[in-house]
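Below is one structure, written out as structure tokens, with a few remarks after it.
Treat the numbers as computed from the prediction; the structure is a model and nothing was measured.
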Amino acid sequence: MPKHPTPNRPGHYWAKLVHPTRMPEGEDWASTDWEVVQVNDNNGEGDERLSVSVPGIEPGQWIPDFVWGPEVRPFNQSN
């Protein structure tokens, strides 16, 4: 997949979690495949302005923890 810019707004994106920062000791949540994640407005600042929800992982992760792919556009929008 070609390199894509880091998200700067909420939405759904293709991504790989490569450096989980909020993970129980002894577990490895790094992604082996691309998956759709949800970027949320976290009302924070800097790297914590946006949080990321990953299916199957309860604590939110942070934008720098990922390699980013393209945005997933809503079904009713054309490419």
Side-chain angles (χ1 to χ4, degrees):
M1 185 174 281
K3 194 169 190 171
H4 290 272
T6 301
N8 60 5
R9 65 175 190 252
H12 291 86
Y13 298 83
W14 285 99
K16 277 188 174 185
L17 179 59
V18 292
H19 302 292
T21 55
R22 301 177 68 194
M23 171 178 66
E25 190 172 327
E27 293 191 24
D28 183 9
W29 290 352
S31 301
T32 56
D33 296 312
W34 290 94
E35 56 191 318
V36 176
V37 299
Q38 182 177 4
V39 174
N40 308 291
D41 184 351
N42 197 45
N43 296 316
E45 295 179 5
D47 287 343
E48 295 184 358
R49 183 176 71 83
L50 299 171
S51 63
V52 184
S53 297
V54 180
I57 295 178
E58 195 220 318
Q61 302 294 315
W62 305 116
I63 292 286
D65 299 339
F66 294 82
V67 171
W68 291 99
E71 182 176 9
V72 178
R73 298 202 182 269
F75 182 72
N76 60 354
Q77 285 186 341
S78 60
N79 291 329

Same cluster for [X] and [Y] if Ile/Leu/Val/Met/Phe/Trp/Tyr side chains link at under 4.5 Å?
X     : Y     : result
Phe66 : Ile63 : yes
Trp62 : Val67 : no
Val37 : Leu17 : yes

(Q) Quick check: closest heavy atoms across Pro55 and Glu35, and the distance to 0.1 Å? (A) CD-OE1, 4.2 Å
Q: Identify the two heavy atoms, one from Pro20 and one from Ala30, that lie closest to each other, and give their separation to 0.1 Å.
A: CG-N, 3.9 Å
(Q) Run the side-chain hydrogen bond (donor to acceptor under 3.5 Å, both in side chains) test against Glu45 and tell me which residues pass, sequence neighbours left out. (A)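 With sequence neighbours excluded, Glu45 shows a side-chain hydrogen bond (donor to acceptor under 3.5 Å, both in side chains) to no residue whatsoever.
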Q. Under the side-chain hydrogen bond (donor to acceptor under 3.5 Å, both in side chains) test, which residues partner Thr6, sequence neighbours left out?
A.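 Partners of Thr6 under the side-chain hydrogen bond (donor to acceptor under 3.5 Å, both in side chains) test: none.
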Q: Indicate yes or no: at least one non-hydrogen side-chain atom of Pro7 is less than 4.5 angstrom from one of Trp68.
A: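 Yes; the side chains approach each other to less than 4.5 Å.
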**Q.** Contact list for residues 48-61, test side-chain hydrogen bond (donor to acceptor under 3.5 Å, both in side chains), sequence neighbours left out
**A.**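 Sorted result for residues 48-61: Asn40-Ser53.
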(Q) Can you list everything that forms a side-chain contact (heavy atoms from CB on, under 4.5 Å) with Asp41? Sequence neighbours excluded, please. (A)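 Per chain and number, Asp41 pairs via side-chain contact (heavy atoms from CB on, under 4.5 Å) with Pro10, Asn43.
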Q) Among all residues two or more places apart in sequence or in another chain, which pass the side-chain contact (heavy atoms from CB on, under 4.5 Å) test with His12? A) Val36, Gln38, Val72
Q: Only pairs at least two apart or in different chains count here, so list each salt bridge (Lys or Arg N to Asp or Glu O under 4.0 Å) that has a residue in residues 7-21.
A: Arg9-Glu71
Q) With no hydrogens and no angle check, is any side-chain donor or acceptor of Asn42 less than 3.5 Å from a backbone partner on Gly44? A) no
